[in-house]
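Letters A, B, ... mirror the listed sequences (proteins, then strands); counts begin at 1. Remember, predicted model here, so these are calculated numbers, not experimental data.
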There are 2 protein chains.
Amino acid sequence: MGKLLDALKALSDETRLRILNLLYEKELCVCDIMETLQISQAKASRHLIYLKNAELLKDRKHAQWVYYSLAIDERIKFIDSLVYDNLRGLELYQNDLQNLKDWLKRKTIKCD
Amino acid sequence: MGKLLDALKALSDETRLRILNLLYEKELCVCDIMETLQISQAKASRHLIYLKNAELLKDRKHAQWVYYSLAIDERIKFIDSLVYDNLRGLELYQNDLQNLKDWLKRKTIKCD
DNA sequence: TTTTCATAATCGCTTAAACGAATATAAGTA
DNA sequence: TACTTATATTCGTTTAAGCGATTATGAAAA
């Protein structure tokens, strides 16, 4: 399948949009996604892998954690417009960003 | 479901992307789509209706024909970027536009 | 080396959606 | 009124993908 079509299929699911929105802020590990979106580990992992297979994300293993970050090249830059002009105007995605902030604060205290 | 998500699901299919690309040129009836993309009538109709339900298209009935055209509002303007910056760089979609031109020329001679 | 922790993969199930083929509808024409 | 034409809908089948629950893997810590 074409890269563009892969990307669009990857974007046609709300959980994956929410994940993408978070990763536009910063690189995150699976547990950050789980905690922020309040979804199960299996669900977070599955959707992250789906996004990675669509070449929207890349991953990096460090110790027992896997960190995911954006890997969006010029051929699909419409996604920037999608996130900044459309997603972020919606309450759900704004709330997710706030929850991410809160989680990272709590996490810093607890862990590394 | 949210309007944005509906739009993205509608965009996650190659036939519908090809249809959208054509309609960025001008309003077309179902038979224009069939001829240009060389797809069955049922397939053209189904996908047009899917796009209409996602509120990306509107239709207008005139005599026995149904004309479809874009209905893309500000809340999903990333689609402009998708079509102009991404789709139209791909050979398939360029060829479709050429086929549309050819078909409309033939059609004018034959019909109205 | 056992245990724990983070992540990925598998299983069984359910639903959405794609397809071709065939049929229905509704308007125009003979 | 028949007949044709344009479009929509239905049917039966197939495939993709979502989910929760569970198990596997692999690195870190005890």
Using a cut-off of less than 4.0 Å, is there contact between a side-chain N or O of [X] and OP1 or OP2 of [N]?
| X | N | value |
| --- | --- | --- |
| B/Tyr50 | D/dA8 | no |
| A/Arg16 | D/dG18 | yes |
| B/His47 | C/dA17 | no |

Quick check for you: among [options], whose closest atom lies nearest to any side-chain atom of [X]?
| X | options | value |
| --- | --- | --- |
| A/Arg46 | C/dA17, C/dA8, D/dA21 | D/dA21 |
| A/Tyr68 | C/dA8, D/dA28, C/dC19 | C/dA8 |
| B/Thr15 | D/dA28, C/dC19, D/dG20 | C/dC19 |
| B/Ala63 | C/dG28, D/dT7, C/dT7 | C/dG28 |
| B/Ala42 | D/dT9, C/dC19, C/dA18 | D/dT9 |
| A/Cys31 | D/dC19, C/dT7, C/dA21 | C/dT7 |

| request: Would you classify A/Lys43 as touching base, sugar-phosphate or nothing, given that sugar-phosphate means primed atoms plus P, OP1 and OP2, and contacts are heavy atoms under 4.0 Å? | output: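 Touches sugar-phosphate only.
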| request: Would you please indicate yes or no on a ring centroid separation below 6.0 angstrom for B/Phe78 and A/Tyr84? | output: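 No, they do not, as the ring centres are separated by 6.0 Å or more.
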Any donor and acceptor pair, going by atom type alone, linking the side chain of [X] with main-chain N or O of [Y] inside 3.5 Å?
| X | Y | answer |
| --- | --- | --- |
| A/Asn21 | A/Tyr93 | yes |
| B/Gln94 | B/Arg88 | yes |
| B/Ser12 | B/Lys9 | yes |

Calculate the interatomic distance between [X] atom [atom1] and [N] atom [atom2]; express it in whole Å.
| X | N | atom1 | atom2 | result |
| --- | --- | --- | --- | --- |
| A/Leu11 | D/dG18 | CG | P | 12 Å |
| B/Ile49 | C/dC19 | CD1 | P | 14 Å |
| A/Leu5 | D/dA17 | CG | C1' | 15 Å |
| B/Asp59 | C/dA26 | CG | C1' | 15 Å |
| A/Asn53 | D/dA16 | CG | C1' | 14 Å |
| B/Gln41 | C/dA24 | CD | P | 15 Å |
| B/Gln64 | C/dG28 | CD | C1' | 6 Å |
| A/Trp65 | D/dA29 | CH2 | C1' | 11 Å |

| task | Would you kindly check if the NZ (Lys) or CZ (Arg) of A/Arg16 is within the cone defined by 45 degrees around the ring axis of A/Tyr50 and under 6.0 Å from the six-membered ring centre? | result |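 Relative to the ring axis of A/Tyr50, which defines the angle, A/Arg16 lies inside both limits.
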